[in-house]
Amino acid sequence: MRLNGAGIVIESLKNEGVEFVFGYPGGAVLTLYDEIYKTNFPHILTKHEQGAVHAADGYARATGKVGVCIATSGPGATNLITGIATANIDSIPLICITGQVATPLIGRDSFQEADVCGITAPITKHNYLVRHIKDLPRVLKEAFFIARTGRPGPVVVDIAKDVFAAETEYKYPAEICLRGYTGKYIGDEKKIDRAVDMLRTAERPIIFIGGGVITSETSQLVREMVQKMNIPMTSTLMGLGAADADSAGYLGMAGMHGSYAANMAIMKCDLLLGIGVRFDDRVTGVISEFAPKAKIIHFDIDYAEINKNIAVNLSVVGDLRWSLPLFQEKLCPYNDIIKENIQKWYENVVKIHTARPFKYKNDKNNILAQDAIKKLSDIVTHNTAIVTDVGQHQMWAAQFFKVYGPRNFITSGGLGTMGFGLPAAIGVKLGRPDKNVILLSGDGSIMMNCQELATLADYNINIKIIVIHNHVLGMVTQWQRMFYGERYSQSLLNSKADIVKIAQAMGIKGFRIKVKEELINGLQQLLHEQGPVLLDIIVPAEEDVFPMVPGGKRLDQMVMGEDGL
Amino acid sequence: MKHVLSVLVNNQPGVLLRVVGMFSRRSFNIDSLSVGVTQPNKYSRITIFFQGESYIVDQIIKQLGKIPDVAAVQLHNPETAVYRGMTLIKIRANDTNRLDVLKIAELFRAHVIDVQKTTLIFEITGQDEKVSALLQLLTPYGILEVIRTGQVALERGEKTIFNCAGKTAFYSKNLL
Ligand SMILES: Cc1ncc(C[n+]2csc(CCOP(=O)(O)OP(=O)(O)O)c2C)c(N)n1
Ligand SMILES: [Mg+2]
């Protein structure tokens, strides 16, 4: 089949099973957009390239498939940067197709030229600059392979403008050959035997799961391990949903704003099974004192994660889809013994968790963000995906929204990107139209990509938005309150912007609640309205997220709120 | 501790940036770097000398291994490898002291590659210590310019970098 570069891109997207792309046109991708027009390839036009890349990211997080976005050269491509970095640090598979200036113009500081490969090298899994049409099919094939295999990540394919127009005989390669990259996932089975031995003799083990469990779709296996042997389990922010919120033995999130029981259990355990985690500083507290009494076993697909942040006693490198079933099988004969060995520990830990759950104070008049999130959680079905932005509301969502099932808690974990929520929620809903999608945002975060409210309206994407409106950059004020003598430098918003009117102006419904009596009705109304709706909830400014492990402190040096909250 | 790595990479634009970028992004320092096309010529070979504790060596090898354009990474051991780098030294030498200078150079097996009325250029290969010793002896005569190439390294005997190369992967297999 003879095709031009643009045709090759579209054909390859079809071959890879891409349902639709997010993007924004411009000079360098005109030929590609012409092909999109001619083939009627499904395309979501966001209002900003950052919206497109976060939407593709949200789609990938919700479905496990590769998200695809398109941007033009120069400013179009640089507008993707935050989104690429966000996806990279959370290991999300993305393909970003960017136009580059025509080959003869490269390197001459031409109109809308930017060195996209140079800029994105440190924040991508890999990238390509395509200057010859003959390379295009192979590059696209490799890009998808690299993005979705092994530890997934974003791949940028920068294509010179003339390549879109050049023609060649198209055959999508059936195989690829990458000498330096195997996407290998099978590791050393003997390591699993050793892990079994270590667990058999442990008295106080804990399972510590992360985003890798979600990525590899192994939540069920982890759940079974907890059920069969009563091993207490805790999760990172990225692992939320792998365990059902209220399942027995599950202690909720660990780390800086983690649960009392989870953090204490990490400090006391004698064996920590880290599964698909990377021991980020937000979850370990001061690293030298993380799980000080424990032997640590690390299950991960990425060899480079082993001993990166924390020295471990045993590593099981490989895809969790390989290691966990084997681990489970080899543990089978010992399930009952292990359960017996650790019975006292399990009961103890669970008791602590029951006695000291996440809490918040009672406020007679005001709506508290925590309360709103908890009430919301109580009235939605389990088939709900919650998407968050970044700040206090994000942490309260992690603490108080009960997540059931993987891919139901969508958040920018590693990069903490404000403005991620709204566009990501678009991708989540389009990827999983069967799910109820709720965006929980803050008054600071929502403004960072509020232009995408118009995308909701234009495509009638059914997302329910809650803005936790505390009139401050809450997370910033919390730190300023605790560590900077209450000097609220540039964090009191007191904005004159009316987010409800903004929503309405963009073409979606919006309303506001202010007092406690309105809460339940407000939430009900939000959920029952047709189509996209925004609910602005006014809450007090002075709330802190507790517990909190201050930077440089051990996990058991949590600061609790007044009344030991 | 000083360490030496050979990295076999696809001979393509941008690959050096990826390798060096990884070092700077993770704040690992490079002492010397040399790059050249190798056999077969679809590969380039990068030799990197760097300092660091064993944790750093471990991370560097693992992180390099993750770059798709990197075909092989080999850590050299001073006992089993040879290291060579070249240094060019331009020195002041006139009729009165040229012979002295040449004598010193000869002791170090440095070759004369340019002779002018008032200057000489030597070429010397070998390890850093030897070169430093020569430079010290030549200093009184007036060194005008010194340039060192990064060192390169090869393991002795049958062992080659190709032994360290990962297996070729195919799309159909290992697809997650
Ligand atoms: C793009 C970006 N800029 C700055 C920050 C730093 N930051 C982290 S949380 C936060 C405040 C968020 O405010 P808001 O969205 O209102 O959430 P709240 O904490 O009030 O719930 C800021 C500024 C960030 N995470 N991302
Ligand atoms: Mg706020």
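Order of the sequence lines fixes the chain letters, A, B, ..., with proteins taken first and strands second; residue numbering starts at 1 for each chain. Just so it is clear, the model here is predicted, and its values are computed rather than measured.
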Problem set entry | Residue pairs, two or more places apart or on separate chains, that pass ring-ring contact (aromatic ring centres under 6.0 Å, His included) and touch residues 58-98 of chain B |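 Qualifying pairs, neighbours excluded: B/Phe49-B/Tyr83.
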Flag if over 12 foreign heavy atoms under 6.0 Å of [atom1], [X]:
X: A/Arg138; atom1: CZ; answer: yes
X: B/Arg26; atom1: CZ; answer: yes
X: B/Asn163; atom1: CG; answer: yes
X: B/Arg148; atom1: CZ; answer: yes

So which heavy atom on [X] is nearest to which on [Y], and how close?
X: A/Pro122; Y: B/Arg25; result: O-NE, 3.8 Å
X: A/Ala304; Y: B/Gln59; result: O-NE2, 2.8 Å
X: B/Lys62; Y: A/Ile306; result: NZ-O, 2.8 Å

Hey, can you pull the donor-acceptor pairs under 3.5 Å for the side chains in residues 11-21 of chain B, sequence neighbours left out?
from    : atom 1 : to       : atom 2 : distance (Å)
B/Asn11 : OD1    : B/Ser44  : OG     : 3.2
B/Asn11 : ND2    : B/Asn41  : O      : 3.1
B/Arg18 : NH1    : A/Asn127 : OD1    : 2.6
B/Arg18 : NH2    : A/Asn127 : O      : 3.2
B/Arg18 : NH2    : A/Asn127 : OD1    : 3.1

For this session: Pull out the residues in residues 50-58 of chain B that come under 4.5 Å of chain A, heavy atom to heavy atom, sorted by number.
Result: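 Within residues 50-58 of chain B, the residues under 4.5 Å from chain A are B/Tyr55, B/Asp58.
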For this session: Check ring-ring contact (aromatic ring centres under 6.0 Å, His included) between A/Phe279 and all other residues, then give those that pass, not counting sequence neighbours.
Result: A/Phe208, A/Phe290, A/His298
